[in-house]
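Order of listing sets the numbers, starting from 1, for every ligand and every atom in it.
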Amino acid sequence: MKDLSQYELWFVTGSQHLYGPEALAKVAENSKKVAAALDRSPLIPTVVRFKTVGETPEAIRSLCLEANGDASCIGLVIWCHTFSPAKMWIGGLSVLDKPILHLHTQFYRDLPWSSIDMDYMNLHQAAHGDREFGFLCTRMRLNRKVVVGHWEDTEVHERIGAWTRAARGWAALQGSKVCRIGDNMREVAVTEGDKVAAQSRFGYSTNGYGVGDLVERVNEQSEADVDALCDRYCDEYAVVDSLVKGGDRHESLRDGARIELGLRAFLEANDAAAFTTTFEDLHGLKQLPGLAVQRVMADGFGFGAEGDWKTAALVYLMKVMGDGLDGGTSFIEDYTYHLHPDGAKVLGSHMLEVCPSIAAAKPALEIHPLGIGGKEDPVRLVFDVAPGTGLNAVVVDLGSRFRLVVNDVDVVGPEEPLPLLPVARAVWNARPDFKTSAASWIHAGGSHHPVFSQGVTAEMMEDFATIAGVEMLHINERSSVSEVKKELRMNEVYYHANQGFSFAG
Ligand code: MN
């Protein structure tokens, strides 16, 4: 994963020359205090740097151009302390290509009832200054988040923090690379898509590699490195007896370790943020990569199985967005149902490649046969996913545009042990209920390959969708199938009208 500590938000305050230097000095002083408070907030996971008070069209435009050219700047937090005639902002905002958060706040929380005079009123004008600024953003049809409340409130920090994570994800996605090892699973529709449109819309590129490129890296790993990695496995996981040194399957563990070392070398050599594999193209690999994929995903790489490059990019994005939060993020699959009348549940899993960042406890490292792929038995991490709230998310390519689908879920765990199911397992209730969730997801065209996260929230996903300018359908506890169908039809009109005839917007 990229070094996320390089990123910062720029705090910019709107004002004008009308009030004179004394008032402007006060505006700058107060703005610095607000920016410093946001910078200190543990809920906002990046540096917040006070940049300037925008007082003239020229200064505002030059600031926006500077933001565009600075890779560390992930977005602008803008607040109008006083009135700031918004025509001054047209030149700047029309060239700005960084995300915007409009913070609608006021320096003092309470009115000083007994001492308030017109000087005070002139200095603290966000109530109308921010509305002037908001009008212009709406008139210019700018995608942005508006956060309302006093700048010292925890709730305000939470709203800004969620957007910061989305803006950070957006920044990391720009120019990132998805390596597609092999093509997608033959005849599968949903893992296909328009890579040119995806690059134009989301900023990441997807390019193909032969599995031989990976095999070459696997085969050049040294025996000593393979043994050292096997020792690390024994430190980190509950390794079954047959796989440890001296066990009758130890060579299979060594093969798994060799694949992991080769995969890491391949990803590094290609500057990859994410990758895909396909079990239909494994020539030269002894096993379908299971353990290796699980472990590199845990280190922040995006992954999609069966050539699913859109999901691979989404895993990477959500890992960046959720970095530092308690819950993990993984590629997963809606696998099998429990259709009991007292409450249907979904068993989420995959044949191997689920990230241990969502494990409830120390994973077991095991070996079992796998019918798919036609290779030797693959080693894999086996675990249950921790109970608690989470979400599933997918990006759908509708042919002319992209749709993000998000569904809130509650992981409940299996009702009984699953002794014969040697993979990672997540059992969840989907909100608002199984039938509404599944019907809505299917109407939306959502794939069976969601990204599951217990750290990233629907608010962060919505903020990302706003930055990217794509539709987001959020299936949640208030959803009904008929409302979802209406929303999908409305969105069809809006997003097509909004992007005109352009493929990628
Ligand atoms: Mn799959």
Side-chain angles (χ1 to χ4, degrees), residues 178-193 198 206 208 211 214 259 263 274-282 285 287-298 301-319 328-337 345-358 368-375 377-383 385 390-397 405-407 409 418 421-428 430 437-438 441-442 444-453:
V178 179
C179 292
R180 199 175 187 213
I181 304 169
D183 202 73
N184 72 325
M185 182 179 164
R186 290 170 203 129
E187 304 289 2
V188 175
V190 80
T191 49
E192 294 280 10
T206 303
V211 71
L214 171 61
I259 292 172
L263 178 61
F275 67 104
T276 68
T277 58
T278 172
F279 63 84
E280 286 178 326
D281 188 0
L282 297 172
L285 288 177
Q287 304 172 9
L288 175 62
L291 174 66
V293 171
Q294 292 180 292
R295 282 175 49 85
V296 299
M297 229 192 306
F301 286 95
F303 171 76
E306 292 108 39
D308 193 342
W309 52 274
K310 296 190 297 297
T311 297
L314 190 60
V315 170
Y316 172 67
L317 167 72
M318 289 170 67
K319 283 196 175 274
T329 294
S330 179
F331 168 82
I332 207 161
E333 180 165 300
D334 302 87
Y335 222 109
T336 306
Y337 290 145
K345 296 178 173 124
V346 182
L347 172 56
S349 189
H350 206 258
M351 53 185 143
L352 297 172
E353 313 93 332
V354 178
C355 178
S357 67
I358 57 172
H368 301 273
L370 178 70
I372 300 164
K375 292 284 169 176
D377 298 350
V379 290
R380 81 283 299 277
L381 297 174
V382 178
F383 55 88
V385 174
L391 60 76
N392 284 323
V394 286
V395 168
V396 185
D397 184 343
V405 187
V406 173
N407 186 192
V409 301
L418 303 159
L421 195 65
V423 286
R425 300 82 55 110
V427 179
W428 64 72
S437 153
W441 189 275
I442 287 168
S447 79
H448 59 289
H449 272 177
V451 184
F452 170 83
S453 182

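By the 30° and 60° cut-offs, the orientation of the rings of His449 relative to Phe331 is perpendicular.
Excluding waters, the set of protein N, O or S atoms lying under 2.8 Å from the Mn ion (ligand 1) comprises Glu306 OE1, Glu333 OE1, His350 NE2, His449 NE2.
To the nearest 0.5 angstrom, Phe303 atom CZ is 7.5 Å from Thr276 atom OG1. Taking NZ of Lys319 as the start and OG of Ser357 as the end, the distance is 3.5 Å to the nearest 0.5 Å. Going from atom CE of Met185 over to atom CG of Asp281 covers 13.5 Å, rounded to the nearest 0.5 Å.
The only option from Asp308, Asn184, Asp397 that meets the side chain to side chain donor-acceptor pair (under 3.5 Å) definition with Thr191 turns out to be Asn184.
Residues Thr311 and Val451 meet the side-chain proximity criterion, which asks for heavy atoms closer than 4.5 Å.
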